[in-house]
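Structure first, commentary second.
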Amino acid sequence: MCGIIGYIGKKRATPILMEGLKKMEYRGYDSSGLAVIERDGIKCTKKEGKIENLEKELPTMDLDGVVGIAHTRWATHGEPSDEHAHPHWGCKKDLFLVHNGIIENYPQLKEQLIKEGHKIKTKTDTEILAHLIEKYYEDEDVKLEQAVQKALQNVKGTYGIAVITSDEPNKIVVARMGSPLVLGIISDGEYLIASDVTAILKHTRNVMYLEDGEMATVTDEGMEVVTLDNKPVEKKTEKVDWEIAQAEKKGYPHFMLKEIMEQPEVVLNAIRGRMMEEEGLAHLGGFIEQKGRLAKINSITIVACGTAYYAGMVGEYMIEEYAGIPVDVEYASEFRYKKPVIDENTAVIVITQSGETADTLAALREAKRKGALTLGIVNVVGSTIAREVDAGAYSHAGPEIGVASTKAFMSQLAILALVTMFLGRQRNMSLVMGQRILEELKEMPKKIEKVLKQNDEIKRLAKKYYKSPSFFFMGRKYNFPIALEGALKLKEISYIHAEGYGSGEMKHGPIALIDDKFPSFFLAPQDSVYEKVISNMEEIKARKGKIIAVATQGDKAIEKIADDVIYIPKTIEMLSPMLTVVPMQLFAYHVAVLLKRDVDQPRNLAKSVTVE
Ligand code: F6R
């Protein structure tokens with residue numbers, strides 16, 4: 001995700017800011033920029049691509065200022081470009097801002113600001129915020145922190161921001177709502193601000209964490225923290241005892257574990273601003289633009305690879321059940337070479353984290369050639385696939401660094417639920433059903449949190465089973481794709497042989513492998529196929545196979561059949577994969593750690609598969 005760093009003190013700000021940006025590179029970014037207060041005003045530069053591109057600009061700029069802000073951007077609104085990189089500024093170009101997060105109501109704010117005469121140049125939500133602060137700062141009696149406060153009272157969404165102005169050259173104002181910010185105290189009169197503690201650890205370990213709804217005014221005389229409605233806040237200084245490498249992973253030993261743990265927030269980001277609860281509708285901007293064509297489609301083909309393909313399979317169950325449209329899910333690598341029967345009444349949905357997977361891109365181009373409506377569920381903004389689809393919805397999972405996909409998958413499931421609602425409500429889905437799905441989707445972050453709390457228990461299971469040379473993963477209906485995903489996660493990071501099956505298929509061959517040394521995972525939430533899955537478990541038990549079940553909270557009966565049980569909270573059937581997949585991810589993770597595998601970069605794999 002994006003990174004913020006700011007410095008105020010007596011030293012030249014630029015080298016400190018650049019060093020901070022480099023420390024945040026691991027987070028993933030597509031552009032970077034900085035603004036420094038000089039004697040003759042603020043100087044700013046920003047560049048798409050690597051930080052070296054920004055660095056090349058610096059020698060010509062002669063930056064001596066001791067106050068500045070800088071940013072690494074990971075695009076959410078508007079493709080990666082020099083123009084879209086941060087900092088952004090208002091009309092007078094004397095107030096500069098960097099921002100992490102998403103301003104949800106920026107279209108409304110933009111419209112209002114344009115009416116009031118502001119000239120908006122970019123597609124970003126951040127530029128709107130710069131103009132909004134500028135508007136409140138026009139009044140001569142208003143100080144920067146007051147203007148920021150007033151502006152933020154009009155903002156809906158998430159933000160961590162840092163603002164500077166040449167009118168008050170000895171000040172940085174920062175504020176936080178849903179996007180982290182930490183204040184670092186180097187000495188009296190010398191401070192750093194950052195979105196990520198990694199960026200400041202070289203200079204200080206004394207920090208203050210801003211909470212949501214708080215803002216701070218930082219000058220070379222000290223820091224003052226207040227709430228957004230201006231109530232003073234007493235803050236304590238804390239000591240960070242992490243090493244830099246640990247801090248990059250927020251203290252987690254691996255990116256994969258960090259990303260698994262981020263999933264509650266990932267779901268929030270995926271659904272934020274996209275739910276119209278009263279109307280029971282999904283608000284997906286790109287889909288709304290195509291709503292005429294979407295109302296007419298009579299079939300859907302989902303194309304994707306690997307984990308994204310399994311998300312697509314869950315989508316197939318969702319869309320067929322709730323929108324009544326026939327869905328085909330195809331491996332992109334197969335789709336590109338077959339003769340797909342699609343036409344202008346087909347919507348082809350491509351699902352991809354990176355937006356660059358060669359097979360998925362080729363399949364998309366083939367679908368376009370055939371005249372289908374192409375829709376993307378893409379994580380990386382501005383990626384090739386995001387640019388080439390007719391419309392789409394970004395997953396907003398943030399950069400995924402671990403090679404094994406976890407949080408991107410979770411966000412894809414959340415978006416697919418919204419897509420299902422969008423299509424379903426255009427057809428026969430009732431208002432009440434729409435509301436029910438949204439209500440449950442909203443609860444999902446808390447429920448995922450409950451599953452994550454069982455991390456220690458899952459680790460214990462990993463210790464019990466990690467020496468097994470093979471595993472089966474089984475489920476039915478919505479949880480059949482999760483069985484496939486569970487097997488994929490285990491094999492790709494632990495190198496243990498694992499296969500996923502629809503549990504009804506067992507007796508058609510694979511059951512021959514079962515003996516008392518062969519463990520099977522069963523995904524058995526209490527849903528419409530529960531009894532069937534239990535029968536399949538009995539078949540394994542009768543052959544002395546070991547069983548680990550993922551079951552619904554309160555299902556004590558399952559303990560009589562399974563050797564071990566992991567419980568998940570109750571939810572509606574179509575959303576249960578968002579809960580059952582979490583133990584799969586954690587189990588694979590712990591087994592890989594026990595086997596001393598390279599969890600984040602497993603052998604033979606790449607994060608983005610840009611070759612055929
Ligand atoms: C597995 C994994 C891969 C990707 C696949 C598609 O953990 O990460 O199977 O899901 O290579 O990648 P994207 O989603 O970038 O198209």
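The model shown is predicted, which means the values in this text are computed figures rather than measured ones. Remember, it's 1-based here, ligands and their atoms both numbered in the order they're listed.
- Under the 6.0 Å cut-off for aromatic ring centres, F518 and F472 qualify, their centroids lying closer than that.
- If you look at T307 next to ligand 1, the close heavy atoms, those under 4.0 Å, come from the backbone and the side chain alike.
- Against a heavy-atom cut-off of under 4.0 Å, E492 is close to the following atoms of ligand 1: 1 (C), 7 (O).
- Side-chain rings of Y337 and Y331 stay apart, their centers remaining 6.0 Å or farther from each other.
- Ligand 1 lies less than 4.0 angstrom from a heavy atom belonging to V403.
- With no hydrogens or angles considered, a side-chain donor-acceptor pair links S528 and K477 at under 3.5 Å.
- Near A308, meaning under 4.0 Å from one of its heavy atoms, ligand 1 places the atoms 10 (O), 14 (O).
- The shortest N/O to N/O separation between S405 and ligand 1 falls below 3.5 Å.
- At least one heavy atom of K489 sits closer than 4.0 Å to an atom of ligand 1.
- Below 3.5 Å of separation, one finds an N or O of T357 facing an N or O of ligand 1.
- With sequence neighbours left out, F522 forms a ring pair (Phe, Tyr, Trp, His ring centres under 6.0 Å) with no residue at all.
- Atom numbering of ligand 1 starts at 1 in the shown order; those under 4.0 Å from a heavy atom of S354 are 13 (P), 15 (O), 16 (O).
- Among E400, Q585, E485, Q353, the residue whose heavy atom sits closest to atom 14 (O) of ligand 1 is Q353.
- Checked against Y589 for a side-chain contact (heavy atoms from CB on, under 4.5 Å), the options M584, M256, K459 give a single hit: M256.
- Protein heavy atom in closest approach to atom 5 (C) of ligand 1: C305 O, 3.6 Å.
- Sorted by first then second residue, the side chain to side chain donor-acceptor pair (under 3.5 Å) pairs that include residues 408-424, not counting sequence neighbours, number zero.
- In terms of protein heavy atoms, atom 11 (O) of ligand 1 is closest to V609 CG2, 4.0 Å.
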